[in-house]
S.K.: 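Quick one: the structure is below, and I'll ask about it shortly.
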Protein chains: 2
Amino acid sequence: MESLKKDKTLKERKRGVRRDPEANRQLLIKATLDTIADIGITDTSVSRICERSGLSRGMIHLHFGGKDKLLTEAAQQFSAEYYAEMDRMTDLGLHSSPEDRIMAVVGADLSEVLLNPRSTKIWHAFRGIASSHPGIARYSSTQDHKLVDTLLEAFRELGEQNGYDPDLAEDATSGTLALLEGMWVNYLTDMQSFSREGAGALIRRFLGGLYPGCF
Amino acid sequence: MESLKKDKTLKERKRGVRRDPEANRQLLIKATLDTIADIGITDTSVSRICERSGLSRGMIHLHFGGKDKLLTEAAQQFSAEYYAEMDRMTDLGLHSSPEDRIMAVVGADLSEVLLNPRSTKIWHAFRGIASSHPGIARYSSTQDHKLVDTLLEAFRELGEQNGYDPDLAEDATSGTLALLEGMWVNYLTDMQSFSREGAGALIRRFLGGLYPGCF
DNA sequence: GTCACTAATGGACGATCGTCCATTAAATGT
DNA sequence: ACATTTAATGGACGATCGTCCATTAGTGAC
């Protein structure tokens, strides 16, 4: 599968549009993420990235000005892709019940599209070096994003409808995200025995406890 | 504080017992963990570790046989220290109520002894490279340890006492650990605004939802 | 005091790191 | 068609990587 990708790349470069800076930029970012997922961020070097992308070693400096900048852009793009997919999978039923909207977020986060070997490895690799790479740290948090507002709003609405303490919504939001973080860790630690359904059921159970009668 | 440690080390070597292989081993492991917490695991090299420990560059190969082995032993020791501290902080009241025992685990995990800048940075650094370092992966999980049994037993007892579904205990255990994982991530992401009390209260709230009338 | 033994040193080694740039190739403008 | 501009190459560069080992220094036995 990997060598197939490489061949496709090379062929495109031989016959199609022969110079495409933007495509090469993207190719380098993708190669970076793939390399991190494959051999770990410690062994992800400029040479290895270029090798995988099929481009020459000078390209990174040309397009990004250095390895660190490339890493930062890769983290940014990876984060953006996560949220784009999350939006795509949850925006569909906007006028559904708060429970459904919340569980849609949970389900999306636990789905194979978002939670897979590649993404968990990359995600945790970036988080692991975030404390020493300020540029990357900006993209290794779930906490300051639209996603929080989505959940918060849904929980508020749910609480309002059923007469629960309004400030419960904040804890519910924060707790839901924390539970999901924990599930990702479980998945990373043991992909074999991880159950998406089990993880979803667990979170539903916790939320059902917080909002009795719902979920 | 750091140069002070170094001086102390040097002085000990000058006047006290002048050759102490085991002490140097420990010194190297400590220097490794400190370096990871300080400059990140990417920049943690043999030279940097030796520099910090005040020992010569050959020591790592002499005592551990290579950098990877040292890293693995450091991860192992770090993990062991975590569980030792956890035991120390929770074994005190063995015959107390299940709720208290559970919240003791939560409180310990959120206490400054276990949850601090150094430990979170090291923990996440190791986890970030775990997928590509099988030796380290063994020590980057909370899931296969005595701690699980402690919680499981307490939740079972709690369920029994109050007439709850016994299989709730497994979800409660797994969820509690997941929530704690999430709290560690929150702490790593934003140490300034993190509140230990808030985090503890949130978890208590979730558990109170699962076991109404308790917590 | 001498000898055997182990701990510890610090530099040599080849490999690889990330950066940079002179050169080549392709696209664009005239 | 040729000149100009931009994309892309691939090797040179010094620095640093991790490993290894000949050497030195400290320790204990006799």
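Chain letters run A, B, ... following the sequence lines, proteins first and then strands; every chain starts at 1.
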S.K.: Has the side chain of R196(B) got a donor or acceptor atom that lies under 3.5 Å from a matching backbone atom of L115(B)?
M.R.: yes
S.K.: Taking the side chain of S56(A) as heavy atoms from C-beta outward, which of dT9(D), dC17(C), dA8(C) is closest to it?
M.R.: dT9(D)
S.K.: In whole angstroms, how far is the C1' atom of dT24(D) from the CG atom of L62(B)?
M.R.: 14 Å
S.K.: From NE2 of H63(A) over to P of dT6(D), roughly how many Å is that when rounded to an integer?
M.R.: 14 Å
S.K.: Name the pairs: protein N/O against N/O of nucleotides 18-20 of chain C, kept only if under 3.5 Å.
M.R.:
| residue | atom | partner | partner atom | Å |
| --- | --- | --- | --- | --- |
| dG18(C) | OP1 | K67(A) | NZ | 2.5 |
| dG18(C) | OP2 | V46(A) | N | 2.7 |
| dT19(C) | OP2 | K67(A) | N | 3.0 |
| dT19(C) | O4 | R57(A) | NH2 | 2.5 |
| dC20(C) | OP2 | H61(A) | NE2 | 3.1 |

S.K.: Grab the CD-C1' distance between E51(B) and dG10(C) for me, whole Å please.
M.R.: 14 Å
S.K.: With the threshold set at 4.0 Å, does a side-chain nitrogen-carboxylate oxygen contact exist between R57(A) and E51(A)?
M.R.: no
S.K.: Given 3.5 Å as the limit, does a donor-acceptor pair link the side chain of T32(B) with the main chain of L28(B), or not?
M.R.: yes
S.K.: Nearest whole Å is fine: how far is dA15(D) C1' from D43(B) CG?
M.R.: 14 Å
S.K.: Among all residues two or more places apart in sequence or in another chain, which pass the ring-ring contact (aromatic ring centres under 6.0 Å, His included) test with F215(B)?
M.R.: none
S.K.: Could you check whether E73(B) pairs with R25(B) (Lys NZ or Arg NE/NH1/NH2 to Asp/Glu carboxylate O, under 4.0 Å)?
M.R.: yes
S.K.: Under the criterion side chain to side chain donor-acceptor pair (under 3.5 Å), I'd like the reasoning laid out for Q143(A) against D190(B): C-alpha separation, chi angles, the key distance, then a yes or no.
M.R.: CA-CA 10 Å; Q143(A) 292 297 54; D190(B) 188 358; over 6 Å; no
S.K.: Whole angstrom is fine here: how far is it from CZ in F64(A) over to P in dA8(D)?
M.R.: 11 Å
S.K.: In this structure, how many angstroms lie between the P atom of dA8(D) and the CE atom of M59(A), rounded?
M.R.: 4 Å
S.K.: Can you tell me how far C1' of dT6(D) sits from CG of N24(A), to the nearest Å?
M.R.: 13 Å
S.K.: Not counting sequence neighbours, which residues clear salt bridge (Lys or Arg N to Asp or Glu O under 4.0 Å) with D167(A)? List them please.
M.R.: R205(B)
S.K.: Considering only residues two or more places apart or on different chains, which pairs with a residue in residues 114-129 of chain A satisfy side chain to side chain donor-acceptor pair (under 3.5 Å)?
M.R.: D34(A)-R118(A), N116(A)-S119(A), R127(A)-E181(A)
S.K.: The criterion is side chain to side chain donor-acceptor pair (under 3.5 Å); which residues satisfy it with E170(A), sequence neighbours excluded?
M.R.: none
S.K.: Between P on dG28(D) and CG on D20(B), what's the gap in Å once rounded to a whole number?
M.R.: 11 Å
S.K.: By a strict heavy-atom criterion of less than 4.0 Å, which residues belonging to residues 124-131 of chain B are in contact with DNA chain C?
M.R.: none
